[in-house]
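If you're wondering where the values come from, they're calculated on a predicted model, not measured in any experiment. Any value given below was found using the heavy atoms of this structure, including those in side chains, with hydrogens, waters and symmetry copies removed.
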Amino acid sequence: MQTFLEEIRAAIEAETGIQSPKLETPRDLAMGDVAFPCFVLAKERKAAPPKIAADLEAALNARMERVTAKATGPYLNFTIERSSFAETVLSEIAEHGMCYGTSAEGNGQKIVIDFSSPNIAKPMSVGHLRSTVIGAAIQRLHDALGYETVGINHIGDWGSQFGKLVAAVNRYGDTVDLEGDPIPALLALYVRYHEEEEGDPALVEEAREAFRELESGVDGPVRQTWKKLTKLSLEEFGKIYTRLGVSFDLIRGEAFYEPHLDETVDRVVASGVTEESEGALVVDLSSFGKIPPCLLRKTDGTTLYATRDLAAVFHRWDEFQFTRALYVVGGDQRLHFRQLKHVLERMELDWEPRVEHVDFGMMRLPEGKMSTRKGRVVFLDDVLDAAAAEAAKVIAEKNPDLADQAAIAETVGVGAVVFNDLKRERVKDIDFRLEEVLSFEGDTGPYVQYTHARLASIERKAGDVDAAPDWSVLESAAGILGQMGRFPDVLRSAARNAEPSELTTFVLSLAREVNSWAAKERVLGQEPAVTAARLALVRGARQVIGNSLALLGVGAPAEM
RNA sequence: GCGCCCGUAGCUCAGCUGGAUAGAGCAUUCGCUUCCUAAGCGAGAGGUCGCAGGUUCGAAUCCUGCCGGGCGUACCA
């Protein structure tokens, strides 16, 4: 693909003197594969764009071998010679296989990605799914481009609520099945304690005392209980991560940074940007607009969320000297990250721009924002189960002879949930609707998986074909070839923007074109040269769809 | 109140750093299976791109104001 674009650019450059001219994609494929709008030349040539286009046509054609230029109104549209286009794109895909689209341009630069980050003792809701799935996709995208990535799960395992939790376990621990089904048990304890402390100040004090002991670092019974809770929770989270195919390079809770809090505060103080306000230690941010100050220490001397995040970002910088540090955290924390970055700015740390809040829209229920405490949540496990069950039902109905149905139902069901979460632009809020997640038609993960399975099926049935392909029969597949040729650019852009939806949009559109083509053109049982060419297209398309799904963290079954 | 984010077809969304008649999916109407998986394909209908100004040869795209929704707004995370 690149080779054709270079040929076109070189010709335009030689004719007009424009350095690396901006090329577009025509609205309709029938017009051409690439377009050059001539408006930019209007002033300099003192002529109307349509005239310029017409004037340039012949000269450009004389300079290009495999591309034809045609003036259409103010545009010059370029059509790449079909056969060499098909051959070039498909052989490139065949050569690189699973690596098609990847590159080494990242050159080992370090990218730190903070994602998932659930809270201990709370069940993962469909809200946590967003960070997990978006973060994992962003990590894979960067991996594919040759960056060295560090995925960090910044577990919420610290804070005053853990005092409450430990106290609750001490008081009521015997009433629930902690070992067997820890998360709901812990949640029940937490909610009960929360309710009962309203009428009993002793409980409030007990919780406070427990957290004080926890923070003191004493390895006593409180810390033992906390460690046990952490371990039980992580084991539960691990089950979901396994289902989602997600893993982390580092699992570091907030507690990990606990020993670094004093030195963090010292570091900020030493830079001279702190001040005391209403008894608290703060960094004033009013020079950046109407932003409340960032609090480092409360009146009682203890630290806050912001302090711990500062400790984390310093630690990560010292350890990795990252090119980017991406925080895949919900949009409700935009202010927090703006404050964090402004503190770094005030400290005049030149790496501040490398810290990015990769924010995403809130997952909402029809009744409003999700809230664990208010019992207004949808548990991720339940959604994954429901999706897998729905997939199993569809398989039983449409493909009853399929082997290994349970495993494929899991792949399809989980794929539907993951894809659904990645398919729109990150920043958009989502109203969670189960029936939408369980829909397998149209713009969905299973639609793409199904396309992949059908292509794989054709490949299986074709076996080996050794005839020389007649590339000219792929005339009708120009749209597919064009899309596949763009794939490396899509990866690059999706990674740069930390926007997996660019990839879902791409693969949906590719799948749609492939299905449309496959409905018209038959692969098997044609002249050998025809079958060979079409089969090459099927292989290429299956490869690109498979590569896309892999990057998104969606399984690509060969049958379903 | 103030700040940030979002506002494109009945619903869910694409529309790349402004460019050629605004595109998909769902739902809806109609059609397609002696042939590679109908979780599919084709066709019809459906739009004052929230509103009003501005910049520009050209604005869904950039700027300003307003309206609607979401999130947040100093000792929770």
Side-chain angles (χ1 to χ4, degrees), chain A residues 22 24-28 31 35 37-40 42-43 48-49 72-75 77 117 119 156 158-161 254 277-282 289-300 302-306 308-309 330-336 338-339 359 361-362 364 368-369 391 394-395 397-399 402 412 416 420 423-425 427-431 433 435-436 439-444 446-451 453-462 489-490 493 497 501-502 504-505 508-509 512 515-525 531 534-535 538 559-560:
Chain A
K22 205 156 69 174
E24 299 173 359
T25 307
R27 54 182 310 102
D28 184 351
M31 297 193 274
C38 296
F39 304 96
V40 285
K43 212 164 259 177
T72 311
Y75 289 86
N77 290 325
S117 309
N119 291 322
W158 206 251
S160 47
Q161 79 268 28
E254 294 183 83
S277 172
E278 297 172 30
L281 184 69
V282 310
K290 293 180 177 176
I291 298 177
C294 178
L295 270 76
L296 298 181
R297 274 195 202 283
K298 298 194 262 189
T299 316
D300 66 6
T302 58
T303 59
L304 296 103
Y305 182 38
R308 290 193 274 278
D309 251 3
D332 52 351
Q333 292 185 40
R334 284 184 184 112
L335 178 60
H336 167 72
R338 282 209 301 154
Q339 290 180 310
D359 59 343
M362 297 286 91
R364 305 179 68 253
K369 195 187 175 188
V394 176
I395 291 170
E397 184 186 313
K398 309 211 181 220
N399 198 357
L402 181 64
V412 173
N420 180 261
K423 79 178 179 189
R424 55 211 124 209
E425 210 185 352
V427 295
K428 295 220 156 75
D429 288 347
I430 299 180
D431 287 317
R433 273 193 292 273
E435 68 268 25
E436 196 183 308
S439 147
F440 297 166
E441 291 167 21
D443 287 350
T444 66
Y447 171 81
V448 180
Q449 291 174 316
Y450 180 69
T451 308
R454 285 179 64 175
L455 296 175
S457 169
I458 294 174
E459 282 184 66
R460 272 195 308 277
K461 291 185 174 160
D489 294 332
V490 173
S493 173
N497 299 327
S501 72
E502 291 184 20
T504 50
T505 303
L508 275 171
S509 150
R512 202 154 289 291
N515 278 325
S516 183
W517 174 84
K520 290 192 286 264
E521 313 277 9
R522 201 178 156 75
V523 178
L524 273 31
T531 290
R534 290 184 180 156
L535 186 58
V538 165
E559 289 180 84
M560 64 185 269

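- Taken to the nearest 0.5 Å, the CG atom of A:Asn77 stands 4.5 Å off from the OG1 atom of A:Thr72.
- Glycosidic conformation, B:rU33: syn, with the torsion inside 90° of 0.
- The side chain of A:Val427 lies closest to B:rC6 when the candidates are B:rC41, B:rC6, B:rA39.
- To the nearest whole angstrom, the two P atoms, one in B:rU17 and one in B:rC11, are 27 Å apart.
- In this structure, the side chains of A:Pro37 and A:Lys22 stay at 4.5 Å or more apart for every pair of heavy atoms.
- A:Thr444 contributes no side-chain N or O that forms a donor-acceptor pair with the base of B:rA39 under 3.5 Å.
- Using a cut-off of 4.0 Å between Lys/Arg side-chain N and Asp/Glu carboxylate O, A:Glu441 and A:Lys398 are scored as not salt-bridged.
- A:Ser516 contributes atom OG, which lies 10.0 Å from atom CD of A:Glu521 (distance to the nearest 0.5 angstrom).
- A:Thr25 comes within 4.0 angstrom of no nucleic acid atom, judged by non-hydrogen atoms across all strands.
- Base contact: A:Leu524 has a heavy atom under 4.0 Å from a base atom.
- Distances shorter than 4.0 Å separate some side-chain N or O of A:Tyr447 from OP1 or OP2 on B:rC41.
- Judged by distance alone with a 3.5 Å cut-off, no donor-acceptor contact links the side chain of A:Asp332 to the base of B:rA77.
- In terms of position on RNA chain B, the residue among A:Leu304 and A:Lys398 whose nearest nucleotide sits closer to the 5' end is A:Lys398.
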Detail all sub-3.5 Å separations between protein N/O atoms and N/O atoms belonging to nucleotides 8-15 of chain B.
| residue | atom | partner | partner atom | Å |
| --- | --- | --- | --- | --- |
| B:rU12 | O2' | A:Arg424 | NH1 | 3.1 |
| B:rA14 | OP1 | A:Glu425 | N | 2.8 |
| B:rA14 | OP2 | A:Lys428 | NZ | 2.8 |

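- Here the CZ atom belonging to A:Arg424 is positioned 4.0 Å from the CD1 atom belonging to A:Ile430, to the nearest 0.5 angstrom.
- The side chain of A:Pro292 sits closest to B:rU73 out of B:rA39, B:rG42, B:rU73.
- Sequence order on RNA chain B of the closest nucleotides to A:Gln333 and A:Ser457 puts A:Ser457 first from the 5' end.
- Distance from the side chain of A:Arg522 is smallest to B:rC35 among B:rA20, B:rC35, B:rA74.
- Note: A:Leu402 CG to A:Glu559 CD = 5.5 Å, rounded to the nearest 0.5 Å.
- Across all strands shown, A:Pro74 has no heavy atoms under 4.0 Å from either base or sugar-phosphate atoms.
- If you check every strand for non-hydrogen atoms under 4.0 Å, A:Asn497 touches nothing.
- At B:rG72, none of the side-chain N or O atoms of A:Arg338 fall inside 4.0 Å of OP1 or OP2 (strictly under the cut-off).
- The C1' atoms of B:rC16 and B:rG54 are separated by 25 Å, rounded to the nearest whole Å.
- Nearest to the side chain of A:Ser516, among B:rA39, B:rC36, B:rG42, sits B:rG42.
- For the OP1/OP2 pair of B:rC36 and a distance below 4.0 Å, the side-chain nitrogens and oxygens of A:Lys461 include no atom meeting the criterion.
- One finds no side-chain N or O of A:Arg512 lying less than 4.0 angstrom from the OP1 or OP2 phosphate oxygen of B:rA24.
- Distance, A:Asn399 CG to B:rC36 C1': 14 Å, rounded to whole Å.
- Listed candidates were B:rC71, B:rA77, B:rC41. Nearest to the side chain of A:Asn515 is B:rC41.
- Of the candidates B:rC36, B:rA39, B:rC71, B:rC71 carries the atom nearest the A:Arg364 side chain, counting heavy atoms from C-beta on.
- Remark: A:Arg534 CZ to A:Trp517 CH2 distance equals 6.5 Å, nearest 0.5 Å.
- A:Glu397 comes within 4.0 angstrom of no nucleic acid atom, judged by non-hydrogen atoms across all strands.
- At a threshold of 4.0 angstrom between heavy atoms, the contacts of A:Ile291 with the nucleic acid are absent.
- Within the 4.5 Å cutoff, the side chain of A:Val448 has heavy atoms near those of the A:Leu508 side chain.
- At a threshold of 4.0 angstrom between heavy atoms, the contacts of A:Ala42 with the nucleic acid are absent.
- Atom-to-atom, CE of A:Met362 to P of B:rC4 comes out at 18 Å; the value is rounded to the nearest Å.
- Note on A:Pro26: a base of the nucleic acid sits closer than 4.0 angstrom, heavy atoms only.
- Expressed to the nearest 0.5 Å, how far CZ of A:Arg522 lies from OG1 of A:Thr531 amounts to 9.0 Å.
- Distance from the side chain of A:Arg308 is smallest to B:rA77 among B:rC2, B:rG70, B:rA77.
- Across the protein-nucleic acid pair, A:Asp28 atom CG and B:rA22 atom P stand 13 Å apart, rounded to whole Å.
- Counting non-hydrogen atoms under 4.0 angstrom, A:Ala35 reaches a base of the nucleic acid.
- A:Leu295 comes within 4.0 angstrom of a base, heavy atoms only.
- Shown here are the side-chain contact (heavy atoms from CB on, under 4.5 Å) partners of A:Ala391, two or more places apart in sequence or in another chain: A:Ala409, A:Val412, A:Phe440.
- Set against B:rA39, B:rC36, B:rA74, the side chain of A:Val412 has B:rA39 as its closest nucleotide.
- Side-chain atoms of A:Thr303 and A:Arg297, non-hydrogen and from C-beta on, do get closer than 4.5 Å to each other.
- A donor and an acceptor atom sit less than 3.5 Å apart, one in the side chain of A:Glu278 and one in the base of B:rA74.
- Here, B:rC13 and B:rG46 have their C1' atoms 16 Å apart, quoted to the whole Å.
- Considering only heavy atoms from C-beta on, A:Asn420 stays 4.5 Å or farther from A:Ser439 through its side chain.
- When rounded to the nearest whole Å, the span between CZ of A:Arg454 and P of B:rC35 equals 13 Å.
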Wobble G-U and Watson-Crick pairs count when both distances are under 3.5 Å; given that, what is the 5' to 3' dot-bracket string of RNA chain B, with | for pairing to other strands? (((((((..((((.....[...)))).(((((.......))))).....(((((..]....))))))))))))....
